[in-house]
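Some notes on the structure that comes next.
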Amino acid sequence: MDDDLEPSTKHEITLFGIPASPGVAHGQVFRFLHEELEVLNYEVKEEDQPKEISRFKEALRITYDQIKEVREGVAKNLGEKEAGIFDAHLMVLEDKALIDDVEKEIRSTGDNVEQCLYRVTQKYYDYFNQLEDVYLRERAADLKDISRRLIRNLIGATAAGTAFLEDPRVLVSEDLTPSDTASLDRSKILAIATETGGQTSHAVIMARASGVPAVVGVRSLTEGLSGGDTLLVDGFEGLVIINPTETTLFRYGKVGVRRKKLKDLVEEDAKEPALTKDGQPFQLFANADTPEEVNAAMESACEGVGLFRTEALFLRKNEMPTEEVQFAHYRELVEAAKPLSVTIRTLDLGGDKVLSQGDREQENNPFMGFRAIRYCLQNPETFLLQLRAILRASAFGNVKLMFPMISGVGEVIRAKVLLERAKNELREKAVGFDESIEVGCMIETPSAVTICDLLAKEVDFFSVGTNDLVQYLLAVDRVNNQIAYLYEPHHPAVIRSLEHVSRVAQRTGKPITVCGEIAGDPHFLPILLGLGFDHLSCAPPLLQELKFFGRRFTQQECKELVNEILAMGRPVRIKERLKEFYDLRVADLLA
Ligand code: PEP
Ligand code: MG
């Protein structure tokens, strides 16, 4: 928790949402707005037009100062040449023709300045953008950027990116897409609070991976906020408190003390092996999206990377990266993890992970639609390119390959045919790769659960993606906060499915990992171990605490707990029972 901030004298308001990433943080609000701004259009009376023009001039001045500051920062940190990029931006802001055009537009149409500015800059943009000359086309992009910044300054909003923030802030947004999260500078984010989203939406998974507390699904959050407000985000309980009072901050200070105590205890255990109290080993792996996260994970003594989500690179770039770019990226991560293994999952675009400039059609049910392996099998060139890049990286370390969202045996067979083709293409060019690379599939659809014995004949290993499994099994969209109360990983249907898959994996001798978010939740640990899942993969910041808890109960206690839970009908009771089991062993240590 950020202790530097003074409690606010403004009115305190508590709002409830969904706890999405553990932790508590307090800080000044940063309103995150999407790249595409909604430009309001309203009429301005003739006598108010001079005021509208003054607003425009003021926005020009503020924007000029901001860019100058950015330019100075870049010159200091990166050099004068790089800083020169911003000179073009400054020139746009002083361009007399453009300024005159906007003023004329205000006078002749009687519309508000934002709308007039948008129209004029769009006209210039369209003109420059269709020119052959690359330099002039780049100026069109500058113009668009400047126009957005001006409009934000006119409406009093902050820029979408976090690059311009000096101090870390609490990010508040109506919603957050995975590509938004991918482009954020995480060192500038104390916590995240959004109006929409669910516990396992991908933007949230990324927040958890970087240890940023988050609460999602907070209705009317942005309505109540104004400039200068502070926000406390409680990612354990799913609360956000606008302008917390001194008493509230004191109360949260106490929560902070307990967390600190737990953190110290966890650190004391950091070098201990991952064994239950009676010596049964379990293996912890990291879920990672970037080679940097893999590096960080290696510090937390994990056994390797259990899930590398390749789509994160696509989302960050907002385009399909070339084979060379992908190869370099995978090689970097494979080398970072070496000699430990990395399970690279092939592209899982679709659902809530879409590229904004994609050629995709709008879908009514994106999570049930054109996603993951379905997309790859219909786009074999994209798939082959990725497979080649992964295979090439396999020559540099210990790589396993995994297909997402499998719903039938046919998909695995077709994916393997393409994998064979990618291997042959490399063999023809004498490019090296790991000839004995293991191939696995995710178990994250109800059909995959049901037919996992048949899938076992086609793959070397399984990985259970409970984030999707819960949504498909319970028919609850994982990012829809209106029905978030129905998204229950504790549901008996989920526990029974896990039991079935674990039994089949044991019978068929297939290694199996759980890599959905429940794998990182300590409350679930005794159940997963009791069901026979001893390979778990989760966000790196959660690994140590998981191991700490795993060392505080026996295998026998897990088995008894599983039997008890399997006989229970209501998810809330199961949840309470798991909490009780946890509290008895951990919370009491902190009292
Ligand atoms: C899952 O569904 O549990 C999973 C790990 O995959 P993702 O969250 O990327 O869909
Ligand atoms: Mg999934």
Side-chain angles (χ1 to χ4, degrees), residues 20-21 176-179 181-182 197-209 214 216 284-290 293 297 305-316 342-354 365-376 400-407 411 440-449 452 461-480 487-491 493-495 497-498 501 512-521 524 528 533 535-540 542:
S21 175
L176 208 56
T177 66
S179 48
T181 324
Q199 242 167 9
T200 57
S201 53
H202 286 95
V204 164
I205 291 175
M206 290 183 192
R208 213 172 289 141
V216 297
L284 299 178
F285 297 81
N287 290 353
D289 286 356
T290 62
E293 275 175 21
V305 176
L307 169 65
F308 187 82
R309 291 179 165 98
T310 53
E311 57 279 3
L313 172 70
F314 293 59
L315 292 168
R316 261 196 310 280
V342 180
T343 302
I344 302 184
R345 183 176 74 181
T346 59
L347 195 55
D348 183 8
L349 279 182
D352 60 345
K353 294 183 278 197
V354 287
N365 280 311
F367 273 109
M368 305 261 266
F370 194 38
R371 193 188 155 188
I373 198 70
R374 301 170 180 186
Y375 174 86
C376 287
K400 297 175 200 227
L401 187 84
M402 179 160 78
F403 302 127
M405 213 197 163
I406 294 297
S407 58
E411 283 167 336
C441 73
M442 302 269 304
I443 303 287
E444 51 183 349
T445 62
S447 55
V449 170
C452 59
F461 66 91
F462 290 138
S463 191
V464 189
T466 49
N467 305 338
D468 278 316
L469 185 56
V470 172
Q471 79 161 341
Y472 295 130
L473 208 50
L474 307 182
V476 179
D477 182 343
R478 69 196 257 190
V479 297
N480 183 339
Y487 187 93
E488 293 173 309
H490 303 87
H491 197 291
V494 178
I495 317 260
S497 299
L498 289 171
V501 177
I512 186 162
T513 305
V514 178
C515 66
E517 294 302 295
I518 66 165
D521 180 348
F524 261 100
L528 294 177
F533 294 100
H535 284 49
L536 305 171
S537 193
C538 68
L542 309 173

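Just so you know, ligand 1 is whichever comes first in the structure, and atom 1 is the first atom listed for that ligand. Here the structure is a predicted model, which means the values were calculated and not measured. Computed over heavy atoms, backbone and side chain alike; hydrogens, waters and symmetry mates excluded.
- Note that OG1 of T466 and CE of M442 are 8.5 Å apart. Values are rounded to the nearest 0.5 Å.
- Taken to the nearest 0.5 Å, the CE atom of M402 stands 10.5 Å off from the CD1 atom of I344.
- By the 4.5 Å heavy-atom criterion applied to side chains, T513 and L536 are not counted as neighbours.
- Ion pairing between a basic and an acidic side chain is recognised when a charged N comes within 4.0 Å of a carboxylate O; D468 and R371 show such pairing.
- The main-chain N or O of F403 is never found under 3.5 Å from a side-chain atom of T346 such that the two would form a donor-acceptor pair.
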One pair to check against side-chain contact (heavy atoms from CB on, under 4.5 Å): Y472 and N467. What are the steps and the verdict?
CA-CA 9 Å; Y472 295 130; N467 305 338; over 6 Å; no

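- Within 4.0 Å of ligand 1, the residues that place a heavy atom are H202, I205, L307, R309, R345, D348, K353, R371, M442, E444, G465, T466, N467, D468, R478, C515, G516, listed by chain and number.
- At distances below 3.5 Å, not a single donor-acceptor pair connects side-chain atoms of D348 with backbone N or O atoms of P404.
- Of all protein N/O/S atoms, those under 2.8 Å from the Mg ion (ligand 2) are E444 OE1, D468 OD2, and waters are not counted.
- When all heavy atoms of E293 and A288 are compared, the closest pair comes out as OE1-CA, 3.5 Å.
- Between the side chain of R374 and the main chain of G369, a donor-acceptor pair closer than 3.5 Å is present.
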